[in-house]
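Note that this is a predicted model, so its numbers are computed, not measured. Here is the naming used below: chain letters follow the sequence lines, and residue numbers restart at 1 for every chain.
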Protein chains: 2
Amino acid sequence: MKPQILVVEDEDALATLLQYNLEKEGYTVAVARDGEDALMQAEEATPDLVLVDWMLPKVSGIEVCRRLRGRQETANVPIIMLTARGEETDRVRGLDTGADDYIVKPFSMTELFARIRAVLRRIRPGLAEDVIEAGDITMDRVAHRVRRADREIHLGPTEFRLLDYLMQHPGRVFSREQLLDAVWGSDVYVEARTVDVHVGRLRKALNNKEERDPIRTVRSAGYAFDVNA
Amino acid sequence: MKPQILVVEDEDALATLLQYNLEKEGYTVAVARDGEDALMQAEEATPDLVLVDWMLPKVSGIEVCRRLRGRQETANVPIIMLTARGEETDRVRGLDTGADDYIVKPFSMTELFARIRAVLRRIRPGLAEDVIEAGDITMDRVAHRVRRADREIHLGPTEFRLLDYLMQHPGRVFSREQLLDAVWGSDVYVEARTVDVHVGRLRKALNNKEERDPIRTVRSAGYAFDVNA
DNA sequence: CAGTCAGGCTACGGTTTTGTGACAGCACCC
DNA sequence: GGGTGCTGTCACAAAACCGTAGCCTGACTG
């Protein structure tokens with residue numbers, strides 16, 4: 001699943017530039033124009049990372065940081081701060097902003113990408129990884145390949161995304177609704193039972209006879225991917 | 001052309017060990033004993049990758065990072081950080097960025113090699129080799145020739161560049177848009193489906209009957225060149 | 001033990017995505 | 001002016017994939 005980034009930037013040109021480049025780099029991007037907007041959006045769909053400008057109308061970048069940190073669901077979301085040269089490091093550093101990193105404008109996209117990768121990897125290992133392994137199952141997200149015990153597994157796009165998501169959060173149980181949101185997208189409407197069918201297809205593709213089924217059904221709750229041997 | 005690595009490490013024993021092993025692995029290695037030295041050396045001969053210890057006399061590893069990033073010529077050079085276990089805490093976290101990857105001491109050479117390969121592959125795929133081989137396909141970028149199993153393959157300019165790009169990043173899946181950007185140029189406007197047509201032509205030229213098709217279609221994602229036999 | 005319910009499974013019509021042959025527009029070269 | 005080699009687009013056919021309904025089984029309830 002593509003990491004989702006919330007960009008909080010009031011300057012149109014920069015916001016657009018960031019969105020364009022980040023999407024090209026493979027992230028899903030949402031843009032908020034001011035602090036209030038940012039907090040609302042973060043509440044609706046928790047992003048994997050927030051990129052916030054230090055200077056913002058209404059609610060300052062710092063304040064956005066604080067509030068995000070203060071809320072249960074967003075407390076652990078990594079934050080990268082954008083600062084202009086004059087707003088300088090010491091002050092930013094000294095304040096306990098709760099930001100995980102900051103970058104000084106003007107910056108190169110390459111540098112920004114590097115930092116994003118670094119932060120994501122540190123906070124949520126696995127999210128930024130190219131390859132996920134669990135037991136004898138390997139998923140290569142760059143090559144778009146899944147293999148189990150040396151044999152290649154062919155999956156359709158949806159099955160691929162589904163497995164990706166489940167492996168991303170091993171052991172955790174997801175309701176059908178959560179899976180629909182995460183894998184299908186929060187905007188499409190499909191029958192909840194459709195998830196069952198895809199889980200079924202996934203299982204058939206994944207499991208040889210005599211192999212342990214890595215997908216656990218939790219009655220009246222949902223499904224989970226189990227790491228275990 | 002062997003990739004050139006600049007090792008920045010003040011501890012003699014480790015520096016020597018790294019140099020020895022990296023050279024054995026096929027890299028050209030330069031060693032700097034402190035941050036100043038590193039910046040100087042990086043300026044003289046831009047390395048393909050920098051391996052820098054977090055703890056350094058005079059100029060800290062972080063500072064080396066920042067300065068490298070700040071300079072035009074070295075802004076895009078990938079950096080891998082060496083950190084000791086204790087240093088990996090909050091203070092470091094807030095600052096440590098700008099590096100593309102980090103590795104915690106003590107580490108195994110195998111692990112280090114893997115990360116170096118990964119970073120190099122990501123940042124600078126196929127350091128401009130003159131000849132690329134994959135399976136029974138050979139591409140000579142200087143002579144502009146492609147052959148498969150002893151027979152000469154004739155390709156049009158676009159097909160050539162397309163194959164070139166794909167072979168440059170074996171296994172990796174590219175969307176039609178990415179391929180258009182990379183092969184056609186980010187400024188021209190052509191239909192995304194045009195990629196399909198060229199892939200088709202490329203396949204027809206490349207594959208005899210009974211030969212494995214090296215180009216893999218990934219439904220709703222794009223195409224990839226697979227090395228495999 | 002009968003009733004109820006959640007989840008497994010299959011079949012199928014419909015939709016989306018990809019493969020491909022045909023064609024017209026160019027540039028270049030006799 | 002008539003070839004020749006490439007290219008981008010289109011239209012159509014084939015293939016792959018999707019979502020839903022319906023039936024079935026096995027588990028839980030009282």
If only side-chain N and O atoms of B:Lys204 are considered, is one of them under 4.0 Å from the OP1 or OP2 phosphate oxygen of C:dG21?
yes
Atom pair distance, as rounded to whole Å: CG in A:Leu180 and C1' in D:dC18:
13 Å
Nucleotide of C:dA6, C:dG21, C:dT17 approaching B:Arg176 most closely (side-chain heavy atoms):
C:dT17
Residue pairs, two or more places apart or on separate chains, that pass side chain to side chain donor-acceptor pair (under 3.5 Å) and touch residues 6-15 of chain A
A:Asp12-A:Arg33
ring-ring contact (aromatic ring centres under 6.0 Å, His included) with B:Phe225: which residues, sequence neighbours excluded?
none
For B:Phe174, give me all partners under ring-ring contact (aromatic ring centres under 6.0 Å, His included), at least two apart in sequence or on another chain.
B:Tyr165, B:His169
Distance check needed: C:dT17 P versus B:Glu177 CD, whole Å only.
12 Å
In whole angstrom, give the distance that lies between atom CG of A:Asp213 and atom C1' of C:dG7.
13 Å
What is the distance, to the nearest angstrom, from the CG atom on B:Leu202 to the C1' atom on C:dT20?
15 Å
What residues form a salt bridge (Lys or Arg N to Asp or Glu O under 4.0 Å) with B:Glu44, not counting sequence neighbours?
none
By salt bridge (Lys or Arg N to Asp or Glu O under 4.0 Å), B:Glu210 pairs with (sequence neighbours left out) none
Exercise answer: donor-acceptor pairs, residues 195-208 of chain B side-chain atoms, under 3.5 Å, sequence neighbours excluded:
{"from": "B:Asp196", "atom 1": "OD1", "to": "B:Arg176", "atom 2": "NH1", "distance (Å)": "2.2"}
{"from": "B:Asp196", "atom 1": "OD1", "to": "B:Tyr223", "atom 2": "OH", "distance (Å)": "3.2"}
{"from": "B:Asp196", "atom 1": "OD2", "to": "B:Arg176", "atom 2": "NH1", "distance (Å)": "3.1"}
{"from": "B:Asp196", "atom 1": "OD2", "to": "B:Arg193", "atom 2": "NE", "distance (Å)": "2.8"}
{"from": "B:Asp196", "atom 1": "OD2", "to": "B:Arg193", "atom 2": "NH2", "distance (Å)": "3.2"}
{"from": "B:His198", "atom 1": "ND1", "to": "B:Thr194", "atom 2": "O", "distance (Å)": "3.4"}
{"from": "B:Arg203", "atom 1": "NE", "to": "B:Asp213", "atom 2": "OD2", "distance (Å)": "2.7"}
{"from": "B:Arg203", "atom 1": "NH2", "to": "B:Ile215", "atom 2": "O", "distance (Å)": "3.1"}
{"from": "B:Arg203", "atom 1": "NH2", "to": "B:Thr217", "atom 2": "OG1", "distance (Å)": "2.7"}
{"from": "B:Asn207", "atom 1": "OD1", "to": "B:Arg148", "atom 2": "NH1", "distance (Å)": "2.9"}
{"from": "B:Asn207", "atom 1": "ND2", "to": "B:Arg203", "atom 2": "O", "distance (Å)": "3.4"}
{"from": "B:Asn207", "atom 1": "ND2", "to": "B:Asp213", "atom 2": "OD1", "distance (Å)": "3.3"}

Contact state string [nucleotides 6-12 of chain D, B base, S sugar-phosphate only, - no protein heavy atom under 4.0 Å]
SBBBB--
Of the residues in residues 215-223 of chain A, which ones touch DNA chain D at a heavy-atom distance under 4.0 Å?
A:Arg219
Suppose we screen for salt bridge (Lys or Arg N to Asp or Glu O under 4.0 Å). Which residues come up paired with A:Glu177, at least two apart in sequence or across chains?
none
B:Arg212 with B:Asp136: basic N within carboxylate O range, under 4.0 Å:
no
